[in-house]
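Have a look at the structure below, then the notes.
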Amino acid sequence: MIKDLSKYKRAFAFGCSFTSSVYPTWVDMIFKSMNPEAEFYNFGRAGGGNTFISSRITEANRKFKFNEDDLILVMWIVFSAGGLVTILTD
């Protein structure tokens with residue numbers, strides 16, 4: 001578990017509607033816990049499956065060049081209609 005979110009300068013979130021919605025999501029709660037000067041990017045989309053999610057991660061990495069100062073948050077789709085959250089850090 002990550003205890004200090006303030007060290008990250010950017011945060012990227014990927015997933016489906018559980019990640020990006022008109023209502024607050026788990027990502028919004030994490031973003032609010034971080035340094036307010038950090039940059040936040042939410043690439044979640046309703047109906048986005050694992051192929052979409054992995055493609056968006058690849059595209060974002062090409063554009064933003066992920067590094068050790070970035071927090072990468074991924075909610076993978078599982079067949080139980082829920083999700084599996086992956087936090088990629090050092």
Side-chain angles (χ1 to χ4, degrees):
M1 181 164 167
I2 301 170
K3 296 183 190 243
D4 182 17
L5 295 173
S6 66
K7 71 177 189 170
Y8 298 105
K9 294 186 168 91
R10 301 185 301 181
F12 298 86
F14 304 90
C16 64
S17 60
F18 288 115
T19 303
S20 179
S21 177
V22 295
Y23 302 104
T25 67
W26 62 277
V27 171
D28 298 309
M29 291 181 232
I30 292 173
F31 286 174
K32 287 180 183 179
S33 301
M34 295 182 67
N35 180 342
E37 295 178 12
E39 297 174 31
F40 305 109
Y41 302 92
N42 191 337
F43 292 96
R45 187 181 81 184
N50 288 337
T51 302
F52 168 81
I53 294 167
S54 60
S55 295
R56 293 303 295 256
I57 293 168
T58 301
E59 291 169 11
N61 186 34
R62 283 186 187 141
K63 180 177 181 177
F64 295 99
K65 310 258 188 279
F66 298 155
N67 63 63
E68 63 275 353
D69 294 326
D70 297 334
L71 177 64
I72 312 301
L73 304 157
V74 182
M75 177 175 267
W76 296 105
I77 304 304
V78 295
F79 293 108
S80 65
L84 174 66
V85 175
T86 304
I87 300 175
L88 306 174
T89 62
D90 341 66

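Applying the salt bridge (Lys or Arg N to Asp or Glu O under 4.0 Å) definition to pairs two or more places apart or across chains, those involving residues 47-63 are Arg56-Glu59. The salt bridge (Lys or Arg N to Asp or Glu O under 4.0 Å) analysis of residues 29-39, with sequence neighbours excluded, yields no pairs.
The main-chain N or O of Lys9 is never found under 3.5 Å from a side-chain atom of Asn35 such that the two would form a donor-acceptor pair. Asp28 contributes a side-chain N or O that, together with a main-chain N or O of Thr25, makes up a donor-acceptor pair within less than 3.5 Å. Between the side chain of Ser20 and the backbone N or O of Ser17, no donor-acceptor pair lies under 3.5 Å. Between the side chain of Trp26 and the backbone N or O of Phe18, at least one donor-acceptor pair lies under 3.5 Å.
Expressed to the nearest 0.5 Å, how far CG of Asn61 lies from CD1 of Ile72 amounts to 7.5 Å. Rounding to the nearest 0.5 angstrom, the gap separating the CD1 atom in Ile30 from the CG atom in Leu73 is 5.0 Å.
What you find for Phe31 and Ala13 is that their closest heavy atoms are CZ-CB, 4.1 Å. In this structure, Ile77 and Cys16 approach most closely via the heavy-atom pair CD1-SG, 3.4 Å. The heavy-atom pair separating Gly48 from Ile53 by the smallest distance is O-CD1, 4.1 Å. Across all non-hydrogen atoms, the minimal contact from Trp76 to Asn50 is CE3-OD1, 3.4 Å. Heavy atoms only, all atoms of each residue included: Ala38 and Tyr8 are closest at CB-O, 3.7 Å.
With sequence neighbours left out, the ring pair (Phe, Tyr, Trp, His ring centres under 6.0 Å) criterion links Phe12 to Tyr41, Phe64, Phe66.
Considering only heavy atoms from C-beta on, Arg10 comes within 4.5 Å of Asn67 through its side chain.
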